[in-house]
Amino acid sequence: MPGSTVITKSLEDVVPYIDWNPFFQVFELRGRYPNRGYPKIFNDEKVGPEAKKLHDDALKMIDFIIKNKIFELKGIVGLYAANTIGTEDVEVYTDDSRTKVAETFHMLRQQADLDNGNETYHSLADFIA
(Lines give C-alpha, C1' and ligand atoms only; values in the text may rest on other atoms or scores of the structure.)
Protein backbone atom coordinates (compact mmCIF):
# COMPACT_ATOMS: atom_id res chain seq x y z
CA MET A 1 0.00 0.00 0.00
CA PRO A 2 1.54 3.35 -1.01
CA GLY A 3 2.29 5.93 1.66
CA SER A 4 4.41 6.28 4.77
CA THR A 5 4.76 3.95 7.71
CA VAL A 6 6.51 4.69 11.00
CA ILE A 7 8.63 1.84 12.33
CA THR A 8 9.67 1.61 15.98
CA LYS A 9 12.34 -0.88 17.06
CA SER A 10 14.25 -1.50 20.24
CA LEU A 11 17.98 -0.98 20.16
CA GLU A 12 18.29 -4.59 21.31
CA ASP A 13 16.65 -5.74 18.05
CA VAL A 14 19.06 -3.72 15.93
CA VAL A 15 22.42 -4.47 17.62
CA PRO A 16 23.03 -7.71 15.64
CA TYR A 17 22.85 -5.68 12.40
CA ILE A 18 25.38 -2.97 13.33
CA ASP A 19 28.16 -2.57 10.77
CA TRP A 20 31.17 -2.11 13.04
CA ASN A 21 33.64 -1.37 10.22
CA PRO A 22 33.00 2.43 10.12
CA PHE A 23 33.27 2.46 13.94
CA PHE A 24 36.81 1.11 13.78
CA GLN A 25 37.72 3.38 10.86
CA VAL A 26 36.76 6.49 12.85
CA PHE A 27 39.31 5.45 15.48
CA GLU A 28 41.83 4.75 12.69
CA LEU A 29 41.97 1.06 13.63
CA ARG A 30 42.59 -0.94 10.50
CA GLY A 31 43.85 -4.44 10.48
CA ARG A 32 46.27 -5.71 7.87
CA TYR A 33 45.15 -8.31 5.35
CA PRO A 34 43.71 -10.86 6.08
CA ASN A 35 42.57 -9.26 9.35
CA ARG A 36 40.63 -6.34 7.91
CA GLY A 37 37.06 -5.71 8.91
CA TYR A 38 34.89 -6.85 11.75
CA PRO A 39 35.31 -9.36 13.42
CA LYS A 40 38.64 -10.34 11.81
CA ILE A 41 40.24 -7.12 13.04
CA PHE A 42 40.44 -8.69 16.53
CA ASN A 43 43.03 -11.15 15.16
CA ASP A 44 45.41 -8.42 14.01
CA GLU A 45 48.66 -8.35 16.00
CA LYS A 46 48.99 -4.57 15.98
CA VAL A 47 45.44 -3.21 16.42
CA GLY A 48 43.49 -6.31 17.48
CA PRO A 49 43.71 -5.91 21.27
CA GLU A 50 42.78 -2.21 21.13
CA ALA A 51 39.94 -2.90 18.69
CA LYS A 52 38.57 -5.59 21.02
CA LYS A 53 38.76 -3.25 24.03
CA LEU A 54 37.02 -0.46 22.11
CA HIS A 55 34.31 -2.86 20.87
CA ASP A 56 33.72 -4.21 24.38
CA ASP A 57 33.37 -0.63 25.71
CA ALA A 58 30.88 0.18 22.96
CA LEU A 59 28.82 -2.91 23.80
CA LYS A 60 28.79 -1.88 27.48
CA MET A 61 27.47 1.53 26.49
CA ILE A 62 24.79 -0.06 24.31
CA ASP A 63 23.78 -2.36 27.19
CA PHE A 64 23.52 0.70 29.48
CA ILE A 65 21.29 2.47 26.94
CA ILE A 66 19.08 -0.61 26.59
CA LYS A 67 18.75 -1.27 30.35
CA ASN A 68 17.96 2.36 31.14
CA LYS A 69 15.69 2.87 28.13
CA ILE A 70 17.54 6.07 27.26
CA PHE A 71 16.06 6.30 23.78
CA GLU A 72 14.04 4.40 21.22
CA LEU A 73 14.63 3.93 17.54
CA LYS A 74 12.10 5.25 15.06
CA GLY A 75 12.24 5.29 11.31
CA ILE A 76 9.90 6.05 8.48
CA VAL A 77 9.50 4.12 5.28
CA GLY A 78 7.51 5.34 2.32
CA LEU A 79 6.42 3.74 -0.93
CA TYR A 80 5.25 6.13 -3.62
CA ALA A 81 4.58 6.07 -7.33
CA ALA A 82 7.72 7.26 -9.12
CA ASN A 83 9.43 7.27 -12.51
CA THR A 84 12.89 7.99 -13.81
CA ILE A 85 12.86 10.99 -16.12
CA GLY A 86 15.75 11.11 -18.57
CA THR A 87 18.72 9.30 -17.06
CA GLU A 88 19.26 10.82 -13.62
CA ASP A 89 16.07 12.46 -12.35
CA VAL A 90 13.24 10.81 -10.42
CA GLU A 91 9.73 12.21 -10.23
CA VAL A 92 7.61 11.20 -7.23
CA TYR A 93 3.87 11.53 -7.70
CA THR A 94 1.06 12.42 -5.29
CA ASP A 95 -0.89 9.23 -6.12
CA ASP A 96 -0.98 6.19 -8.37
CA SER A 97 -2.54 8.11 -11.27
CA ARG A 98 0.87 9.77 -11.75
CA THR A 99 -0.72 12.99 -12.95
CA LYS A 100 0.67 15.41 -10.33
CA VAL A 101 4.37 15.53 -9.46
CA ALA A 102 4.97 15.94 -5.72
CA GLU A 103 8.75 16.30 -6.03
CA THR A 104 11.62 15.79 -8.46
CA PHE A 105 14.87 14.38 -7.13
CA HIS A 106 18.07 15.00 -9.11
CA MET A 107 20.39 12.05 -8.65
CA LEU A 108 24.13 11.84 -9.25
CA ARG A 109 26.06 9.09 -10.91
CA GLN A 110 28.95 7.40 -9.12
CA GLN A 111 31.88 9.79 -8.99
CA ALA A 112 34.76 7.48 -8.06
CA ASP A 113 36.97 5.96 -10.72
CA LEU A 114 35.98 2.37 -11.35
CA ASP A 115 38.84 -0.10 -11.69
CA ASN A 116 36.79 -3.25 -12.01
CA GLY A 117 36.51 -3.32 -15.80
CA ASN A 118 32.83 -2.44 -15.58
CA GLU A 119 32.64 1.19 -16.60
CA THR A 120 28.96 1.58 -15.66
CA TYR A 121 28.57 4.53 -13.35
CA HIS A 122 25.32 3.87 -11.50
CA SER A 123 22.71 6.32 -10.27
CA LEU A 124 19.81 5.66 -7.92
CA ALA A 125 17.62 6.68 -10.86
CA ASP A 126 18.75 3.50 -12.66
CA PHE A 127 16.74 1.45 -10.16
CA ILE A 128 13.42 3.30 -10.53
CA ALA A 129 10.99 2.25 -13.28
Side-chain angles (χ1 to χ4, degrees):
M1 180 108 187
S4 298
T5 302
V6 175
I7 299 171
T8 303
K9 290 285 182 187
S10 73
L11 183 55
E12 195 170 24
D13 292 339
V14 176
V15 170
Y17 302 100
I18 293 175
D19 179 359
W20 289 100
N21 290 315
F23 177 75
F24 295 119
Q25 290 168 3
V26 165
F27 289 96
E28 298 182 4
L29 294 173
R30 185 171 184 210
R32 297 188 61 148
Y33 180 81
N35 295 319
R36 286 194 185 139
Y38 171 81
K40 293 187 274 183
I41 192 171
F42 300 146
N43 299 328
D44 188 82
E45 289 179 14
K46 187 174 181 182
V47 300
E50 190 61 31
K52 180 67 174 142
K53 180 179 177 284
L54 187 65
H55 183 255
D56 289 345
D57 289 346
L59 290 176
K60 287 177 192 171
M61 292 176 84
I62 290 171
D63 285 341
F64 178 82
I65 291 167
I66 291 169
K67 287 177 185 166
N68 293 290
K69 298 181 179 359
I70 293 176
F71 60 80
E72 65 181 358
L73 305 177
K74 282 191 177 185
I76 189 165
V77 175
L79 294 175
Y80 298 93
N83 283 97
T84 296
I85 304 301
T87 61
E88 296 174 15
D89 296 336
V90 174
E91 287 183 347
V92 178
Y93 304 101
T94 56
D95 59 32
D96 285 339
S97 70
R98 299 174 190 241
T99 55
K100 184 176 177 191
V101 176
E103 192 66 55
T104 300
F105 293 92
H106 307 284
M107 307 296 180
L108 289 174
R109 294 216 163 262
Q110 289 173 303
Q111 302 297 303
D113 289 332
L114 299 178
D115 295 331
N116 61 8
N118 177 4
E119 294 304 314
T120 302
Y121 290 82
H122 293 290
S123 168
L124 290 175
D126 295 338
F127 303 96
I128 307 293

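- Ring planes of Phe24 and Phe42: perpendicular class, angle over 60° (limits at 30 and 60°).
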Considering only distance and modelled atom types, tabulate donor-acceptor pairs under 3.5 Å from the side chains of residues 72-80, sequence neighbours left out.
residue	atom	partner	partner atom	Å
Tyr80	OH	Ser4	OG	2.3

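- Within the 4.5 Å cutoff, no side-chain heavy atoms of Asn21 are placed close to those of Arg36.
- Here Lys100 contributes atom NZ and Thr94 contributes atom OG1; the two are 6.0 Å apart, rounded to the nearest 0.5 Å.
- Taking the side chain as every heavy atom from C-beta outward, Leu11 and Phe71 approach each other to under 4.5 Å.
- Contact check for Tyr93 versus Val101: side-chain heavy atoms found under the 4.5 Å cut-off.
- The structure places CZ of Phe127 at 11.5 Å from CE of Met107, a figure rounded to the nearest 0.5 Å.
- Tyr121 is not connected to Leu124 by any chain of hydrophobic side-chain contacts under 4.5 Å among Ile, Leu, Val, Met, Phe, Trp and Tyr, and they are in different clusters.
- Val90 and Ile85 are assigned to two separate hydrophobic clusters, defined by single-linkage of ILVMFWY side chains at heavy-atom distances under 4.5 Å.
- Residues passing the ring-ring contact (aromatic ring centres under 6.0 Å, His included) test with Tyr33, sequence neighbours excluded: none.
- In the hydrophobic clustering of this structure, Val14 groups with Ile66; members are Ile, Leu, Val, Met, Phe, Trp, Tyr whose side-chain heavy atoms approach within less than 4.5 Å, directly or through other members.
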Pair up each side-chain donor or acceptor in residues 54-64 with any protein partner under 3.5 Å, not counting sequence neighbours, and list the distances.
residue	atom	partner	partner atom	Å
Asp56	OD1	Lys52	NZ	3.1

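- Taking all atoms of both residues into account, the shortest heavy-atom contact from Asn83 to Arg98 is OD1-NH1, 2.6 Å.
- Salt-bridge annotation for Arg30 and Asp44: absent, with no side-chain N of the basic residue lying under 4.0 Å from a carboxylate O of the acidic one.
- For the pair Asp126 and His122, the tightest heavy-atom approach, listed with the atom from each and the gap, is OD2-CA, 3.4 Å.
- Heavy atoms only, all atoms of each residue included: Asp19 and Pro22 are closest at O-CD, 3.3 Å.
- Contact check for Arg109 versus Thr87: side-chain heavy atoms found under the 4.5 Å cut-off.
- In this structure, Gln110 places its CD atom where more than 12 heavy-atom neighbours from other residues, nucleotides or ligands lie under 6.0 Å away.
- Hydrophobic clustering (ILVMFWY, side-chain heavy atoms < 4.5 Å, transitive): Phe27 and Ile18 are in one cluster.
- At distances below 3.5 Å, not a single donor-acceptor pair connects side-chain atoms of Asn68 with backbone N or O atoms of Ile70.
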